[in-house]
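First the structure, in the form of structure tokens, and then the observations on it.
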Amino acid sequence: MDEQWMDSRLVATHLGDEYDKFLGAVVPPIFMNSLHVFPDTEAYLHFNGADPDQYTYGRVANPTVRIVEEKIAALEHGQMALCFASGMAAATTAILSVCKSGSHVICVQSCYGPIRHFLDEYCVPSLGMSVTYVEGKEVSEFAAAILPQTDLIILESPSSLVFSLQDLAAVAALAKEHGIRTYADNSYCTPLYQRPLELGIDLVMHTTSKYLGGHSDVIGGVLVGADRTFIQEKIAPMREFLGGIPGPMEAWLVMRGIRSLEVRLPAHQQNALAVAHFLEKNPHVKKVYYPGLPSHPQYALAQRQQKGSCGLLSFELNASPDETRRVVDALKIFKIGVSWGGFESLVCMPCYKDTDQMAQWLGGTRGIVRIHCGLEGAENLIADLKQALSVLDE
Ligand SMILES: *Cc1c(COP(=O)(O)O)cnc(C)c1O
């Protein structure tokens with residue numbers, strides 16, 4: 001890779017700027033077109049889709065989408081990236097590209113819920129696939145789950161409920177020995193705080209709806225590969241079949257978000273760490289889950305594997321799930337909502353509607369509260385939590 005593109009700050013700000021091509025426009029334009037026309041039959045008949053400067057139809061490739069793909073590939077130190085209309089479009093395309101009828105998948109049980117549902121409700125009954133879920137804290141759990149027909153290991157480190165980690169380098173090494181592909185959801189850390197491809201993972205997935213977009217104004221996803229041929233030959237055709245490419249406007253919004261990731265992410269981390277420390281000291285709080293806290297059970301691995309943590313954390317109170325709801329309802333700055341990664345602070349109770357047993361399997365409890373610390377200022381977020389927790393004093 002070009003030397004300057006090893007520096008993520010230069011990639012985020014300037015990779016893809018082509019002033020000569022775009023009339024000196026400081027920001028590359030949005031290519032709001034569904035196809036590209038050819039000057040003559042010679043060019044039309046000799047179209048080469050593998051050439052990054054040739055375009056034919058918008059479901060296959062678009063110049064605005066391609067700039068974002070080049071930026072994210074460079075940020076992840078990967079060879080090639082493909083953008084998708086959502087994180088789920090990226091994830092399902094990856095699974096369908098790697099697996100076939102009869103494939104066995106090993107998946108961490110704390111992974112993003114809809115991915116579990118896709119495996120359980122579609123891949124298993126309709127494709128005759130099988131899945132083994134593992135907690136994933138020990139590499140030996142993966143080793144014990146491997147079958148002759150295992151084709152894929154699905155990781156998410158940290159996961160987004162209780163932030164459990166997997167040792168990415170060790171799992172990747174084990175998988176390579178057995179010819180199994182590895183997939184890691186890196187949405188929590190972003191490429192600034194963790195680069196799974198450098199640890200031997202084959203495929204990194206991001207929902208760009210979270211930190212990469214960063215402004216809660218876009219839905220999108222991306223897959224990045226360590227190997228260009230794998231992306232070109234396996235993932236690109238499946239994206240074309242399923243039609244999951246994002247629109248140019250969405251891609252452009254992701255590009256705009258990425259430009260400021262370098263300043264946003266440390267601010268989210270700083271706010272979350274201050275909030276986590278406050279919560280740990282509050283007598284109503286039973287437990288705080290945040291990989292940046294020394295009390296996190298896998299703190300040593302987090303320190304070794306990640307450069308930082310982001311604005312998302314969770315906690316449990318010394319109160320029933322219903323009393324916990326009163327605290328959540330008393331919050332003013334933290335709005336009740338299911339996403340994260342934007343400028344705004346959010347709160348949700350992801351396991352409230354689960355059975356106690358299911359909540360426990362996921363690593364939490366029915367009363368677990370997840371918050372995203374936005375950019376409203378740590379002291380404002382702490383004051384909001386403090387007044388909300390005080391309803392338990394009444
Ligand atoms: C939101 C999310 C996804 C899914 O992304 P969408 O863009 O909503 O489809 C996948 N993984 C994680 C960790 C997420 O938080």
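In each ligand, atom 1 is the first atom listed, and ligand 1 is the first ligand listed. Just so it is clear, the structure is predicted and the values come from calculations on it, not from any experiment.
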Do the ring planes of Phe47 and Phe38 sit parallel (below 30°), tilted (30 to 60°) or perpendicular (above 60°)?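 Rings of Phe47 and Phe38: perpendicular, as their planes differ by over 60°.
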With distance as the sole test, does Glu70 use its side chain to make a donor-acceptor pair with the main-chain N or O of Leu15 at under 3.5 Å?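 Checked: no pair found.
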Using only atom types and a distance under 3.5 Å, with no angle test, would you say the side chain of Ser157 pairs donor to acceptor with the backbone of Gln166?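 Such a contact is found between Ser157 side chain and Gln166 backbone.
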Which protein residues have a heavy atom under 4.0 Å from ligand 1?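 Answer by chain and number: Ser86, Gly87, Met88, Tyr112, Glu156, Asp185, Met205, Thr207, Ser209, Lys210, Gly220, Trp340.
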Using ring centroids (six-membered ring only for Trp), state whether His372 and Tyr211 fall under 6.0 Å.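 Yes; His372 has its ring centre under 6.0 Å from that of Tyr211.
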For atom CD of Glu138, decide whether the heavy atoms of other residues, nucleotides or ligands shown that lie under 6.0 angstrom number more than 12.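 No.
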Cation-pi between Arg181 and Phe230: NZ/CZ under 6.0 Å from ring centre and within 45° of the ring axis?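 Because its charged atom sits under 6.0 Å from the ring centre and within 45° of the axis, Arg181 does stack over Phe230.
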